[in-house]
Amino acid sequence: MIKPGERDCLIVVDVQNDFCPGGALAVADGNAVVSVINRLMGGFAHCILTQDWHPQGHQSFASAQPGSEPFQTIKAPYGDQTLWPDHCVQGSRGAEFHLALQTDRAELILRKGFRPQIDSYSAFYENDRQTTTGLAGYLRERNFSRLFFAGLATDFCVRYSAEDARREGFEAVVIEDACRAIDLEGSLVAAWESLDVCGAQRILSDAIAA
Ligand code: VGL
Ligand code: ZN
């Protein structure tokens with residue numbers, strides 16, 4: 001049983017309407033994470049939320065790339081970039097947190113993906129893998145050492161956030177049943193393999209004391 005302490009922080013990734021059923025980039029069963037996460041929050045002294053937050057016409061939107069379709073991969077100046085349906089547009093209903101998600105105890109809400117020409121899956125580094133969001137510095141100043149990840153989607157924003165947490169020297173723990181995946185062309189299997197290689201742990205939510 002894990003009893004989260006003062007140096008542990010729960011990072012809730014992108015639990016927003018557009019990633020839930022009925023949303024623009026719906027993750028199957030995405031809303032199922034909400035009750036698990038609300039319960040988890042009770043066990044953590046510290047919690048932060050991330051929010052995917054794109055300007056209209058964002059470079060990662062297929063609608064912004066003439067002749068392309070959602071879920072296609074293009075070459076961005078910084079490398080391969082998957083194109084998505086328009087989602088999580090700043091100020092839209094789709095960008096809001098799921099209505100049932102408890103947000104009151106979040107100590108920070110980190111927005112990402114707001115630069116028009118760079119996507120950001122990770123809460124630490126944008127997709128060019130160089131532009132930082134400032135989160136590592138914040139977490140270090142708060143003296144956190146172990147980060148627990150939950151939210152959407154397992155194989156994109158949760159994966160890259162947990163991997164970058166390792167890269168920044170934090171312990172990283174992914175709470176599997178508090179996440180759901182997009183699973184695009186084997187991306188979920190690839191995500192768990194890669195998380196394992198970088199030393200992220202994988203647990204179920206019942207391993208955390210309430
Ligand atoms: C995400 C694709 C595009 C995510 C965000 O939260 O996993 N995926 N933007
Ligand atoms: Zn996005």
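All ligand and atom numbering here is 1-based and tracks the order in the structure. By convention here, the first residue in the shown sequence is residue 1. We use all heavy atoms of the structure for the numbers below, so side chains are in, but hydrogens, waters and symmetry mates are not. Please read these numbers as outputs of a predicted model, since none were measured by experiment.
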Item to complete: Using a cut-off of strictly less than 2.8 Å, determine whether C88 has an N/O/S atom near the Zn ion (ligand 2).
Response: no
Practice prompt. Examine H58 and say whether one of its N/O/S atoms is closer to the Zn ion (ligand 2) than 2.8 Å.
Written response: no
Any luck finding a side-chain donor-acceptor pair between [X] and [Y] under 3.5 Å?
X: S194; Y: R159; value: yes
X: N127; Y: Q81; value: yes
X: T73; Y: D80; value: no

Atoms in ligand 1 flagged as close to [X], the criterion being non-hydrogen separation under 4.0 Å:
X: H87; result: 3 (C), 9 (N)
X: C157; result: 1 (C), 4 (C), 5 (C), 6 (O), 7 (O)
X: F156; result: 7 (O), 8 (N)

Practice prompt. Quick one: do F124 and E163 satisfy side-chain contact (heavy atoms from CB on, under 4.5 Å)? Show the steps, please.
Written response: CA-CA 9 Å; F124 294 90; E163 289 184 6; over 6 Å; no
Can an N or O of [X] be found at a distance shorter than 3.5 Å from an N or O of ligand 1?
X: A153; result: yes
X: V13; result: no
X: D14; result: yes
X: H54; result: no

Discussion item. With side-chain hydrogen bond (donor to acceptor under 3.5 Å, both in side chains) as the criterion, how do Y138 and E107 come out once you've worked through the C-alpha distance, each side chain's angles and the decisive distance to 0.1 Å?
Written reply: CA-CA 11 Å; Y138 171 86; E107 295 170 347; 4.9 Å; no
Discussion item. Give me the residue, atom name and distance of the protein heavy atom closest to atom 5 (C) of ligand 1.
Written reply: D52 OD2, 3.2 Å
Worksheet item: To the nearest 10 degrees, how large is the angle at the Zn ion (ligand 2) between D52 OD2 and H87 NE2?
Response: 100°
Worksheet item: Mind checking whether F61 and H54 have parallel, tilted or perpendicular rings, split at 30° and 60°?
Response: perpendicular
Item to complete: May I ask you to decide if the ring planes of F156 and Y160 are parallel, tilted or perpendicular, using 30° and 60° as cut-offs?
Response: tilted
Response to the item:
Per side chain to side chain contact (heavy atoms under 4.5 Å, CB included), L10 is matched among I48, I175, V173 by I175
Discussion item. Under 4.0 Å, heavy-atom basis, I'd like to know which part of L152 is in contact with ligand 1: side chain, backbone, both or neither.
Written reply: backbone
Fill in: Contact check, Q16 vs ligand 1, heavy-atom distance below 4.0 Å
no
List, one per line, each side-chain donor-acceptor pair under 3.5 Å for residues 196-204, sequence neighbours excluded.
unit_1, atom_1, unit_2, atom_2, d
R202, NE, E176, OE1, 3.0
R202, NH2, E176, OE2, 3.1

